[in-house]
There are 2 protein chains.
Amino acid sequence: MAQPDTVERILDAAEELFAERGFSETSLRMITSKAEVNLAAVNYHFGSKNALIHAVFARFLTPFSATLEKAFDELEESCGDQPPTLNQTLWALTDSAVQMPQRNEKGISIFMRLLGLAYTQSQGHLRKFLEQEYGDPFSRFMRLLKTATPQLSAVDRYWRIQFMLGATAFTMSSSDALRDILQNKTGVETSVQEIAMRLVPFLAAGMQAEDTMLVPPKGSKVSVA
Amino acid sequence: MAQPDTVERILDAAEELFAERGFSETSLRMITSKAEVNLAAVNYHFGSKNALIHAVFARFLTPFSATLEKAFDELEESCGDQPPTLNQTLWALTDSAVQMPQRNEKGISIFMRLLGLAYTQSQGHLRKFLEQEYGDPFSRFMRLLKTATPQLSAVDRYWRIQFMLGATAFTMSSSDALRDILQNKTGVETSVQEIAMRLVPFLAAGMQAEDTMLVPPKGSKVSVA
DNA sequence: ATTGGCCTCAAACGTATGTTTAAAACAGAC
DNA sequence: GTCTGTTTTAAACATACGTTTGAGGCCAAT
């Protein structure tokens with residue numbers, strides 16, 4: 001066959017199929033037949049299916065984390081001795097995600113969906129790989145969030161960050177479907193960037209909510225343990 | 001063997017394993033050996049693995065949706081001609097989830113995790129089943145949200161609801177893991193109820209955020225299409 | 001005691017998976 | 001043209017899966 005760049009063809013096919021169907025639900029045979037390469041090529045070039053999953057993540061996470069680090073550098077520099085605000089931090093992350101060079105028009109939503117899957121389908125090996133390889137920019141983001149929300153207790157902040165991650169990963173991981181639904185219902189077209197612009201204020205408001213609500217309203221059956 | 005209630009033993013085991021590992025990653029052999037029943041029992045009593053998944057959801061979703069409808073009834077009645085507020089609506093939902101009778105101490109987090117999985121791992125057949133069987137209370141919840149947020153445009157509301165669902169499903173789908181992480185880091189114990197009590201104010205604040213941020217801040221590379 | 005309907009059981013079925021093998025094809029260097 | 005290392009190929013491998021089978025057990029009704 002002698003097609004050019006077997007490795008990249010496999011990565012492209014795997015990326016798309018993983019994003020569409022998840023990891024366990026995507027077989028090597030689906031990948032290799034979509035990539036139009038021999039079944040054995042995956043194990044020859046990558047060693048195993050798990051290693052292929054890692055490679056798929058590495059291909060977009062490595063440049064992304066570099067971009068992100070640079071964005072954080074610029075942000076901290078431009079702020080002088082003031083710590084960056086919550087909004088600035090969130091926008092730095094959003095900008096970095098949106099401006100990533102895309103391999104195709106589906107690029108950014110695949111990117112998002114894979115991140116979501118990494119979180120929800122994380123199969124041990126993936127989580128370990130991601131932590132080890134890309135833990136640093138993540139920790140840095142966490143540190144920025146911490147200094148940007150000094151009013152929050154550590155526990156509150158922890159949970160609210162989880163809520164943010166959830167809203168983001170979930171929305172982005174199904175952004176294609178959600179966009180289509182909205183388009184069918186209202187005829188409104190929505191770009192990923194617009195979704196991001198709606199998401200950030202939502203997250204910022206949530207993060208900065210006053211927690212006067214920690215006691216449920218009158219009549220609620222929820223009680224503090 | 002003549003153990004009592006094979007059907008229920010299978011449901012218990014399946015519920016727990018699905019919540020722990022997801023659907024495709026849980027085999028019938030794992031389920032039957034945990035339940036200490038014969039492998040063929042699943043196909044005999046349920047017909048197929050997919051039907052078993054449906055049965056697991058039906059077992060807790062049927063009473064839950066009944067409780068929820070009742071909670072909405074009471075809420076609307078107690079409000080008279082005023083429509084229920086956003087906070088009231090969210091708390092009605094939360095209350096209904098928390099007060100569900102639990103089969104064991106892990107009950108509610110299993111419940112939540114399954115709901116999260118239903119959203120993120122939805123395998124077509126499950127989504128169709130859930131829509132068909134439990135679409136009504138869901139639509140009602142949506143209607144309540146709409147009247148509780150008249151200030152939002154339909155498009156804004158649509159996206160913010162997605163953000164809420166995301167934060168909820170996502171957090172709940174990994175709540176066990178997140179609780180453990182927090183416990184290891186800070187020694188703080190967290191109940192599902194406490195998570196819910198932190199989540200609701202976050203969601204309410206996000207829903208009611210002013211969208212002055214729809215234009216990204218100075219220097220952002222994000223631009224309106 | 002025998003029948004008949006539900007249930008259980010061990011075993012097998014067919015299929016799909018990730019992985020390995022060994023031969024063939026290829027490309028560049030000498 | 002021959003050799004060398006890399007890549008591709010078709011085939012097979014071992015294992016796991018969901019499902020089906022048919023024989024047997026159980027128990028209440030006849």
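Quick note on labels: first sequence line is chain A, next is B, and so on, each numbered from 1. For clarity, every value in this text was computed on a predicted model and none was experimentally measured.
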Rounded to whole Å, how long is the line connecting atom [atom1] of [X] with atom [atom2] of [N]?
X	N	atom1	atom2	answer
B:Lys49	C:dA16	NZ	C1'	13 Å
A:Met30	C:dT15	CE	C1'	13 Å
B:Phe46	C:dT8	CZ	C1'	15 Å
A:Leu17	C:dG18	CG	C1'	16 Å
B:Asp5	C:dT8	CG	C1'	15 Å
B:Asn50	D:dT19	CG	C1'	13 Å
B:Glu25	C:dT17	CD	C1'	14 Å
A:Leu28	D:dC13	CG	P	20 Å

May I ask you to say what B:Ser24 touches in the nucleic acid, namely base, sugar-phosphate or nothing, with a heavy-atom cut-off under 4.0 Å?
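No contact at all - B:Ser24 keeps every heavy atom at 4.0 Å or more from the nucleic acid.
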Contact class for A:Thr32 (heavy atom, under 4.0 Å): base, sugar-phosphate, or nothing?
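A:Thr32: no heavy atom of the nucleic acid under 4.0 Å.
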For A:Phe141, ring pair (Phe, Tyr, Trp, His ring centres under 6.0 Å) partners two or more places apart:
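Here no residue qualifies.
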Anything under 3.5 Å between a protein N or O and an N or O of nucleotides 10-12 of chain D, put it in a table, one pair a line.
| residue | atom | partner | partner atom | Å |
| --- | --- | --- | --- | --- |
| D:dA10 | N7 | A:Asn38 | ND2 | 3.4 |

If you count every heavy atom of other residues, nucleotides or ligands that lies below 6.0 Å from B:Lys146 atom NZ, does the total exceed 12?
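Open.
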Any side-chain heavy-atom pair from A:Val7 and A:Phe46 closer than 4.5 angstrom?
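Heavy-atom side-chain distance check passes, below 4.5 Å.
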Minimum-distance nucleotide to A:Asn43 side chain [options: D:dT20, C:dT20, D:dT7]
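In terms of side-chain proximity for A:Asn43, the closest of D:dT20, C:dT20, D:dT7 is C:dT20.
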Just say parallel, tilted or perpendicular for the rings of B:Phe202 and A:Phe202, cut-offs at 30° and 60°.
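The arrangement is perpendicular - the two ring planes meet at more than 60°.
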Mind checking whether A:Phe129 and A:His54 have parallel, tilted or perpendicular rings, split at 30° and 60°?
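Parallel, since the angle between the ring planes stays under 30°.
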If we count only N and O atoms by modelled type, under 3.5 Å, do the side chains of A:Gln162 and B:Thr171 hold a donor and an acceptor together?
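The answer is no; no qualifying pair exists.
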Check whether any side-chain N or O of [X] sits under 4.0 Å from OP1 or OP2 of [N], and answer yes or no.
X	N	result
B:His45	C:dT8	yes
A:Thr6	D:dT7	no
A:Ser27	C:dA16	no

Aromatic ring centroids of A:Phe111 and A:Phe64 under 6.0 Å?
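They qualify: ring centres under 6.0 Å apart.
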